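None of these values were measured; they are calculated from a predicted model. Numbers restart at 1 for each chain; the letters A, B, ... are given by sequence-line order, proteins then strands.
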2 protein chains.
Amino acid sequence: MGTLLDLPLDEVLCGDSLEVLRRLPPASVHAIFADPPYNLQLKGTLRRPDDSLVDGVDDEWDRFADLPTYDAFTRAWLTECRRVLRRDGTIWVMGAYHNVFRLGAALQDMGFWILNDVIWRKANPMPNFRGRRFTNAHETLVWAARDPASKYRFNYQAMKTLNDDTQMRSDWYIPLCTGHERLRDAAGDKLHPTQKPEALLHRVILASTNAGEIILDPFLGTGTTAAVARRMGRRFIGIERDPGYAAAARARIAAVVPLPESAALALPSKREQPRLAFGVLVERGLVPPGSRLSDRQRRWSAEVGVDGTLRCGTATGSIHSVGAAVQEAPSCNGWTFWHVETSGGGLRVLDAYREEALAAQA
Amino acid sequence: MGTLLDLPLDEVLCGDSLEVLRRLPPASVHAIFADPPYNLQLKGTLRRPDDSLVDGVDDEWDRFADLPTYDAFTRAWLTECRRVLRRDGTIWVMGAYHNVFRLGAALQDMGFWILNDVIWRKANPMPNFRGRRFTNAHETLVWAARDPASKYRFNYQAMKTLNDDTQMRSDWYIPLCTGHERLRDAAGDKLHPTQKPEALLHRVILASTNAGEIILDPFLGTGTTAAVARRMGRRFIGIERDPGYAAAARARIAAVVPLPESAALALPSKREQPRLAFGVLVERGLVPPGSRLSDRQRRWSAEVGVDGTLRCGTATGSIHSVGAAVQEAPSCNGWTFWHVETSGGGLRVLDAYREEALAAQA
DNA sequence: CATAATATTGAATCCCGCA
DNA sequence: GTGCGGGATTCAATATTAT
């Protein structure tokens with residue numbers, strides 16, 4: 001073990017996370033953001049339906065022999081993080097179903113106090129190409145205080161402002177890191193397989209630190225945490241093992257122009273437009289399975305199935321496709337074409353039920 | 001331990017979950033939904049996993065002494081669930097940040113194979129009154145197969161249809177159980193503190209079971225799982241320790257009117273439809289020997305042989321292998337790749353002839 | 001130049017029956 | 001068990017090329 005470092009602020013420390021963490025002084029940082037390897041353990045190759053190859057994470061740093069090995073790794077770096085964290089500090093740890101249950105359980109076992117689990121809902125996730133599972137459309141962040149007695153920081157009002165003056169919820173809708181934000185090499189290939197969106201770190205840092213405070217990232221990668229921290233007037237400590245990633249991070253951080261202090265305010269969040277599937281009306285019993293639907297002239301009548309399928313003679317499918325089929329039209333808006341046979345013997349257009357449901361959840 | 005029970009279908013078994021589970025025969029249910037007690041670390045009303053109250057929570061309360069107790073409880077009932085679950089069955093386990101990391105880690109440690117974690121996004125969550133955390137607006141469901149080799153059921157097409165013909169994602173937006181759905185006593189107070197919405201169970205059951213299959217709920221409460229299962233034409237086994245809850249569940253289940261079979265059936269995916277060999281279409285003269293097939297862009301043309309083989313230059317074989325060969329692709333679905341040259345000079349995809357033939361023989 | 005059509009891509013534990 | 005081969009399977013956001 002090397003000598004204890006003075007607190008190395010606003011630097012990217014290149015080296016093994018655990019070794020570097022051990023050299024940092026205790027109780028010295030206000031917050032930690034950690035995006036550790038996920039232990040994906042992918043087997044073969046995966047192709048899209050058009051036969052193109054999916055470029056998965058097959059890097060050496062993500063390979064662990066088994067779950068106990070991964071747990072030992074997790075507990076080792078979390079132990080050092082807890083030592084380095086100030087008494088009132090909080091930690092964010094991020095993962096997916098492969099590893100996040102190990103992370104959360106380790107945090108609890110080690111005496112951290114979970115404050116929230118937060119869901120990053122991806123606006124544009126990769127689909128499930130083989131149709132064998134649900135689209136893996138989110139990742140999980142666990143937010144925890146150093147211990148139950150921590151007087152932790154939570155910038156409640158900033159979060160509320162960021163969310164159009166409504167309390168920030170535990171589910172965050174944020175796009176993947178693509179486009180200009182995604183770092184690429186000379187050949188145009190992504191520099192890092194799992195670069196996180198700056199919007200995610202913006203929210204994390206805004207919620208749990210104040211300007212001038214120190215945030216540590218033990219798995220810095222290409223520097224998202226540090227870049228956002230610098231822009232928002234926070235101090236950072238980044239640790240990254242791969243010299244190539246560390247160099248890219250340094251260049252990226254150097255290019256960041258810190259915001260003027262007055263601008264350290266909230267950016268408006270991208271609002272999500274409400275969308276409602278017909279199946280949801282079925283699920284919720286607003287248009288129960290077994291209901292009869294007709295067109296306005298009652299030329300056709302169809303039955304609603306448990307999954308929101310419509311059956312009309314031999315035609316089966318969505319409200320749109322069955323509407324198109326019976327009319328022998330190329331397409332059809334099922335919401336306005338189909339009507340529910342009401343108990344009073346009348347017809348009520350499907351779209352009215354949708355509007356009702358949307359209004360109820362707004 | 002009591003004697004082994006014959007499989008008690010469509011019954012609410014009143015008793016301790018673990019004891020009753022131990023009396024069920026092995027490998028007998030298709031799916032399990034479990035919403036276990038969360039009672040963890042709730043200051044003031046701390047309860048043990050056996051639901052007894054913990055007296056005098058002192059400041060020196062040792063979490064290391066109590067989390068293992070919860071873990072032991074978790075592993076005990078999960079062990080029995082795994083025994084009772086059929087080889088190809090799946091389990092849904094539900095929790096919040098207090099306990100879900102313990103649940104997920106236990107599932108992995110015991111050899112279950114996680115398929116997805118699913119987020120129930122609450123439309124109308126309780127706000128955080130103190131403004132010290134994010135609004136706790138979701139709960140987590142872990143969906144897992146009995147083991148990595150399980151050929152588990154996932155009704156992909158039903159989920160897709162339910163979601164307006166787009167792949168179902170891992171984040172589900174569903175309102176809390178309120179209004180007329182919420183069971184209440186004579187005084188108008190809610191009967192059960194954590195009654196789950198039927199819409200949630202509708203989706204769980206539709207995704208992972210078929211009509212006639214058996215779903216087990218070891219913590220039935222007031223019977224949401226059983227009521228939805230019955231309505232959807234599934235069989236159920238419910239276990240509930242509290243006689244009051246069990247009685248309420250029985251009354252609720254008895255009032256359920258099962259859907260007619262036509263509505264309870266979901267749209268089958270193509271994988272589940274009866275197979276039809278291309279040669280049969282040739283035999284029946286729907287695509288006579290000698291027909292010319294082309295891809296959609298008419299880049300390649302092939303001739304149909306009497307036995308359903310395709311010839312395109314030197315490539316000979318099935319519609320799939322020739323399609324793959326001409327494109328130099330690793331694989332190809334010949335049904336959607338090849339088109340028949342119609343007498344009108346147009347192209348009609350081969351799959352349309354198959355669907356026609358399948359409809360004719362149904 | 002503007003708009004439209006086409007191509008690319010993302011933390012992924014991604015098939016299944018039959019011989 | 002393993003191997004073979006039929007044939008099932010994708011969404012949203014950018015970027016690039018074509019009209």
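Distance CG (B/Asn116) to P (C/dC14): 12 Å, rounded to an integer number of Å. Separating the CD atom of A/Glu181 from the P atom of C/dG10 is a distance of 14 Å, rounded to the nearest angstrom.
Between B/His320 and the phosphate of D/dG6, there is no side-chain N or O to OP1/OP2 separation shorter than 4.0 Å. Close to D/dA8, at under 4.0 Å from its OP1 or OP2, lies a side-chain N or O of B/Arg354. Residue B/Asn333 places at least one side-chain N or O closer than 4.0 Å to OP1 or OP2 of D/dA8. Remark: A/Tyr173 is not in phosphate contact with D/dA12, judged by side-chain N or O atoms under 4.0 Å from OP1 or OP2.
Of the N and O atoms on the side chains of A/Asn116 and A/Ser170, not one donor lies less than 3.5 Å from an acceptor on the other residue. For A/Thr74 and A/Asp71, the side-chain atoms include no donor-acceptor pair closer than 3.5 Å. Side-chain polar atoms of A/Arg48 and A/Ser52 form a donor-acceptor pair below 3.5 angstrom.
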>> Could you spell out the base pairing of DNA chain C as a dot-bracket line? Use Watson-Crick and G-U wobble contacts where both distances are under 3.5 Å, [ ] for crossing pairs, | for partners on a different strand.
In response: .|||||||||....|||||

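Remark: of the listed residues B/Arg75, B/Arg82, B/Arg102, B/Arg75 is the sole one forming a salt bridge (charged side-chain N to carboxylate O under 4.0 Å, His left out) with B/Asp109. Exactly one of A/Asp117, A/Val93, A/Ile119, A/Leu200 qualifies for a side chain to side chain contact (heavy atoms under 4.5 Å, CB included) with A/Leu141. That residue is A/Leu200. Shown are B/Phe33, B/Phe112, B/Trp120, B/Trp143; of these, the ring pair (Phe, Tyr, Trp, His ring centres under 6.0 Å) with B/Trp92 is made only by B/Trp143.
Residues A/Asn128 and B/Ser318 both approach DNA chain D. Their nearest nucleotides, taken by heavy-atom distance, put B/Ser318 toward the 5′ side. If A/Lys196 and B/Lys151 are placed on DNA chain C by their nearest nucleotide, the residue sitting closer to the 5' end is A/Lys196. Both A/Asn39 and A/Arg184 lie near DNA chain C, and the one whose nearest nucleotide falls closer to the 5' end is A/Arg184.
With sequence neighbours excluded, the residues that form a salt bridge (Lys or Arg N to Asp or Glu O under 4.0 Å) with A/Asp55 are A/Lys190. Among residues two or more places apart in sequence or in another chain, the ring pair (Phe, Tyr, Trp, His ring centres under 6.0 Å) test is passed with B/Trp338 by none. B/Arg296 meets the side-chain hydrogen bond (donor to acceptor under 3.5 Å, both in side chains) test with no other residue; sequence neighbours excluded.
More than 12 heavy atoms of other residues, nucleotides or ligands lie within 6.0 Å of CD in B/Gln297, so this atom counts as buried by the packing criterion. Under a cut-off of 6.0 angstrom, the local environment of CZ in B/Arg311 is sparse, with at most 12 non-hydrogen atoms contributed by other residues, nucleotides or ligands. Crowding of B/Arg348 atom CZ: a count of heavy atoms from other residues, nucleotides or ligands under 6.0 Å exceeding 12.
Below the 3.5 angstrom threshold, one finds no donor paired with an acceptor across the side chain of A/Lys122 and the base of D/dA13.
Atom C1' of C/dC1 sits at a distance of 15 Å from the matching atom of D/dT17, rounded to the whole Å. Comparing D/dA15 with C/dA11, their C1' atoms are spaced 22 Å from each other, to the whole Å. With C1' as the reference atom, D/dT10 and C/dT8 are 13 Å apart, rounded to whole Å.
Comparing atom distances between the A/Pro127 side chain and each of D/dC11, C/dC15, D/dG6 picks out D/dC11 as nearest. Of the candidate nucleotides D/dC11, C/dA11, D/dA8, D/dA8 has the atom nearest to the side chain of A/Arg130.
Residues from residues 43-67 of chain A that place a heavy atom under 4.0 Å from any atom of DNA chain D, listed by number: A/Pro49. Listed by residue number, the members of residues 106-114 of chain B with any heavy atom below 4.0 angstrom from DNA chain C are B/Trp113, B/Ile114.
Across all strands, A/Asp35 comes closer than 4.0 Å to base atoms (heavy-atom distances).
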